[in-house]
Amino acid sequence: MTTSGPGSAPDENRLGEYLRARRALVAPEQVGLPGGSHRRVPGLRREEVALLAGISADYYLRLERGRDSNPSAQVLEALARVLHLDDVETDYLLGLAKPPPRRTAARPARRAERVPERLHHLLAALELPAFVEGRTFDVLASNPLAVAFNPRLVPGENRLRSLLLDPGERTFHDDWERAAADSVAAFRSTIGDDVTDARAVELVGELSLASGRFRTLWARHDVQRLEGGVATVHHPVVGPLRLNREKLPVGEVLLVVYYPDERSDSAERLALLASTVAADARSSL
């Protein structure tokens, strides 16, 4: 299985793996070449990528096999155009060609992620589902409405693990496949190829063993920015919800807030869920 990135051997050819993964996703017709069933490899052949990028086939072969780890930015940008990479994917490709940081015998441990006290107060004051997320998608804090919205949003859970391994997430999300693909791509973009992050290494190793879908998505090397969007879910109590999702950086953590469009059906349903949470809180006093 391919689990390049955190969890991989330090000397693994990550640039070559990325190039191979991305050319397999480009159909010949996308670049003006004939397709057909006679092709023995998915996507583009090496020599086709080299020709379209204006470099020799031998040089491109050396790049994929890790025999040249210092290509110019011009070469990488030409390859990005051929492989139809967007700005985020191009930046990721350029980053893979940079020399890795020097390793030392004693590496300081990463500091534990802490939620600022003011964020705890904000979570309590917000009348919207909200939680705090760490670098590797660990849930660090949440408010009661977030847990009522999705019971997996409790401190100690990991959003990526829950999404891929908890059966409840498959029925909760309107488009689980898209949610999973987007989350894995955002995770790779966030952690890059940081093999010094023990938490990231642990999570990639766990998911690679436990989830075939994760292995497939991880091998694609998709990357995308970690940002907000729209979550469409099937809530077991109040029914379908279409909520906007914002991810706001606060220091080294992210504040994630869900909110509906004004005067929408989802706004009414979320208000009903909030009233249920408030009633439960009063009854427990």
Let me see the working for Arg225 and Asp87 under salt bridge (Lys or Arg N to Asp or Glu O under 4.0 Å), right down to the final yes or no.
CA-CA 10 Å; Arg225 288 192 178 93; Asp87 290 343; 5.6 Å; no
Steps toward salt bridge (Lys or Arg N to Asp or Glu O under 4.0 Å) verdict (Arg161, Asp166):
CA-CA 7 Å; Arg161 183 197 293 117; Asp166 192 318; over 6 Å; no
Check the angle between the aromatic planes of Phe149 and Phe172 and answer parallel, tilted or perpendicular using the 30° and 60° thresholds.
perpendicular
Salt-bridge present (Glu169, Arg152; N to O < 4.0 Å)
yes
What about Leu93 and Leu61, same hydrophobic cluster or not, with Ile/Leu/Val/Met/Phe/Trp/Tyr joined at side-chain heavy-atom distances under 4.5 Å?
no
When you look at CZ of Arg242, are more than 12 heavy atoms from neighbouring residues, nucleotides or ligands closer to it than 6.0 Å?
no
Would you call Glu64-Arg23 a salt bridge at under 4.0 Å N-O?
yes
Share the residues that join Val154 in a hydrophobic cluster, the rule being Ile, Leu, Val, Met, Phe, Trp or Tyr side chains under 4.5 Å apart at the heavy-atom level.
Val147
Not counting sequence neighbours, which residues clear side-chain contact (heavy atoms from CB on, under 4.5 Å) with Leu52? List them please.
Val31, Leu33, Val82
Side chains of Glu157 and Ser162: is there a donor and an acceptor less than 3.5 Å apart?
yes
Between Asp138 and Thr136, do the side chains contain a donor N or O and an acceptor N or O under 3.5 Å apart?
yes
Does Arg45 come within less than 4.0 Å of Glu48, counting only side-chain N to carboxylate O?
yes
Smallest separation among heavy atoms of Arg269 and Val238, with atom names
CD-O, 3.0 Å
Hydrophobic clustering (ILVMFWY, side-chain heavy atoms < 4.5 Å, transitive) - are Tyr258 and Val250 grouped together?
yes
Under the 6.0 Å and 45° cation-pi test, does Lys247 pair with Phe137?
yes
Distance-minimising heavy-atom pair for Ala180 and Leu163:
CA-CD2, 3.6 Å
Arg245 versus Tyr259, side-chain donor and acceptor atoms under 3.5 Å
no
Tell me whether the count of non-hydrogen atoms from other residues, nucleotides or ligands lying under 6.0 Å of CD in Glu127 goes above 12.
no
May I ask you to establish whether Arg65 and Tyr60 are in a cation-pi arrangement, using a distance under 6.0 Å from NZ or CZ to the six-membered ring centre and at most 45° from the ring axis?
no
Taking every non-hydrogen atom, the tightest pair across Arg263 and Ala267
N-CB, 4.3 Å
Taking Glu252 first and then Arg114, would you say they form a salt bridge - that is, a charged N and a carboxylate O separated by under 4.0 Å?
no
